[in-house]
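Here the structure comes first, spelled out in structure tokens, and everything after it is commentary.
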Amino acid sequence: ELAAEGYKQGENLTIDFQSAQGNPATAGQIAKQFVGENPDAIVAISTPSAQTIVANTTTIPVIYTAVSDPVAAKLIDSNNKPTQANITGLSSQLPLAPQFDFIQQIMPNAKSIGYVFSSGEANSVSLGNRLKAELPKRGLTLVDIPAVRSTDVAPATKALQGKAQMIYTSMDNNVASAFESMVLAANTMKMPIIASDEFSVRRGATAALGVNDYDFGRATGKMVGKILDGSTPAQVAPQMISDLTLYVSPKNAQAQGITLPEDVLNKAVNVDTTPAKLPTKPL
């Protein structure tokens with residue numbers, strides 16, 4: 001998207017991409033390095049990254065993205081106003097009703113939903129509270145088990161055996177870093193994983209009803225482009241993407257003990273047969 005906006009790496013754009021690999025201490029080091037370099041903008045992907053960056057600068061424009069609950073993360077307030085003048089961004093707080101509709105469509109007899117989450121991630125705690133409030137209205141209960149470290153994800157998943165009929169996960173960085181271990185446990189227990197992003201399905205989940213990651217990146221790029229064009233964060237209002245795409249993997253569903261209905265397959269993107277959408281050229 002930055003290339004489409006007229007910013008091409010090596011010509012009029014320099015991108016320094018770094019990953020904290022899920023380590024808060026490393027995230028802090030990266031934040032301090034970035035702030036010291038005083039770039040034109042910092043793009044923070046995920047809640048922990050965004051919180052770390054904004055804690056280190058009140059002047060450099062920060063564009064958060066892939067943050068599911070920016071209010072709980074204290075990036076914006078309930079009126080969609082940034083908590084600091086240098087913040088804007090794009091969130092992906094998913095409406096829960098379509099998620100529950102889908103879950104009950106493919107597993108109509110389910111009574112309990114398992115939720116493995118990081119107690120240190122504001123977005124994950126917030127989602128857990130929303131699930132606890134909404135699931136009883138559907139006759140469902142939540143079995144939530146914290147996984148403080150990535151190594152805790154597998155045992156936390158195994159602890160759901162006999163307590164839940166399926167697993168729901170959404171935008172938890174700790175879980176994402178050890179997702180294959182969750183998948184292995186779920187396959188052994190024949191317990192479907194329903195996620196909220198395409199690549200979790202490609203990594204082993206049965207299905208996901210969520211934001212298209214590629215479109216999300218393009219939308220974020222438009223916001224970054226405006227900042228590079230000279231707009232201030234105050235002139236680029238925080239946004240939320242709510243258009244949902246259904247991704248399924250019949251292969252993963254079979255491994256996790258269910259068969260997806262034909263009507264679900266007909267309206268979904270089958271990741272077993274559809275390549276991931278990637279840029280046609282490097283940005």
Side-chain angles (χ1 to χ4, degrees), residues 66 68 92-117 123-124 127-128 130-131 134-135 138-145 153-154 156-157 160-161 163-173 175-216 241-277:
S68 57
S92 57
Q93 187 173 70
L94 302 177
L96 291 182
Q99 309 283 321
F100 300 153
D101 289 343
F102 175 66
I103 287 170
Q104 293 187 306
Q105 180 183 4
I106 65 171
M107 297 192 70
N109 297 320
K111 297 299 181 184
S112 299
I113 292 178
Y115 179 59
V116 177
F117 71 103
N123 56 306
S124 299
L127 175 59
R130 292 173 65 205
L131 291 170
E134 296 298 325
L135 285 176
R138 300 256 182 160
L140 297 168
T141 58
L142 183 71
V143 182
D144 56 335
I145 300 180
V153 171
T157 303
L160 294 171
Q161 189 162 24
K163 300 176 183 177
Q165 288 80 51
M166 56 81 61
I167 301 165
Y168 179 71
T169 182
S170 177
M171 302 295 183
D172 186 298
N173 293 280
V175 171
S177 68
F179 195 70
E180 281 72 17
S181 67
M182 171 179 277
V183 170
L184 182 60
N187 290 354
T188 301
M189 298 185 294
K190 300 300 179 184
M191 187 178 295
I193 300 174
I194 306 301
S196 61
D197 68 285
E198 172 187 356
F199 287 94
S200 288
V201 182
R202 295 187 183 278
R203 294 173 67 187
T206 285
L209 183 61
V211 172
N212 181 297
D213 288 329
Y214 180 82
D215 291 344
F216 206 89
I241 282 187
S242 56
D243 293 337
L244 303 181
T245 301
L246 177 60
Y247 300 94
V248 298
S249 169
K251 177 184 66 177
N252 296 343
Q254 184 177 24
Q256 292 169 5
I258 66 169
T259 299
L260 295 170
E262 195 67 29
D263 58 338
V264 168
L265 296 175
N266 289 338
K267 63 184 179 183
V269 176
N270 185 337
V271 304
D272 295 342
T273 58
T274 307
K277 187 176 182 182

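Along the sequence shown, residues are numbered consecutively beginning with 1.
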Value rounded to 0.5 Å, distance of [atom1] in [X] from [atom2] in [Y]:
| X | Y | atom1 | atom2 | answer |
| --- | --- | --- | --- | --- |
| Ile258 | Met191 | CD1 | CE | 12.0 Å |
| Met182 | Ile193 | CE | CD1 | 5.5 Å |
| Phe102 | Tyr168 | CZ | OH | 11.0 Å |
| Leu160 | Asp144 | CG | CG | 9.5 Å |
| Asn173 | Phe179 | CG | CZ | 13.0 Å |
| Met166 | Met189 | CE | CE | 12.0 Å |

Using only atom types and a distance under 3.5 Å, with no angle test, would you say the side chain of [X] pairs donor to acceptor with the backbone of [Y]?
| X | Y | answer |
| --- | --- | --- |
| Arg130 | Pro95 | no |
| Asn252 | Ala205 | yes |
| Glu198 | Gly210 | no |

Should [X] and [Y] count as side-chain neighbours, where that means a heavy-atom distance under 4.5 Å?
| X | Y | result |
| --- | --- | --- |
| Leu246 | Val264 | yes |
| Val248 | Leu265 | yes |
| Val153 | Thr157 | yes |
| Asn270 | Pro250 | yes |
| Leu135 | Phe100 | yes |
| Gln256 | Lys190 | no |
| Ile106 | Pro261 | yes |
| Lys251 | Val271 | no |

If only side-chain N and O atoms count, and only distance matters, is there a donor-acceptor pair under 3.5 Å linking [Y] with [X]?
| X | Y | result |
| --- | --- | --- |
| Asn212 | Thr245 | no |
| Ser124 | Asp172 | yes |
| Thr141 | Ser112 | yes |

*Going by an N to O cut-off under 4.0 Å, is there a salt bridge joining Asp101 and Arg138?*
yes
How close do [X] and [Y] get, counting heavy atoms only, and between which atoms?
| X | Y | value |
| --- | --- | --- |
| Ser200 | Ala195 | CB-CB, 3.5 Å |
| Gln165 | Pro192 | O-CD, 3.5 Å |
| Val201 | Thr206 | CG1-O, 4.1 Å |
| Leu140 | Ala110 | CD2-O, 3.1 Å |
| Phe199 | Asp213 | CD1-OD2, 3.2 Å |

_How about CD on Gln254, more than 12 heavy atoms from neighbouring residues, nucleotides or ligands closer than 6.0 Å, or not?_
no
*Residues, nucleotides or ligands: over 12 heavy atoms within 6.0 Å of Asp263 CG*: yes
*Taking it one step at a time, do Ile113 and Leu131 satisfy side-chain contact (heavy atoms from CB on, under 4.5 Å)?*
CA-CA 9 Å; Ile113 292 178; Leu131 291 170; over 6 Å; no
*Verify side chain to side chain donor-acceptor pair (under 3.5 Å) between Ser249 and Asp272, making sure each step is shown before the conclusion.*
CA-CA 6 Å; Ser249 169; Asp272 295 342; 2.8 Å; yes
*Working for side-chain contact (heavy atoms from CB on, under 4.5 Å), residues Gln161 and Thr188*: CA-CA 10 Å; Gln161 189 162 24; Thr188 301; over 6 Å; no
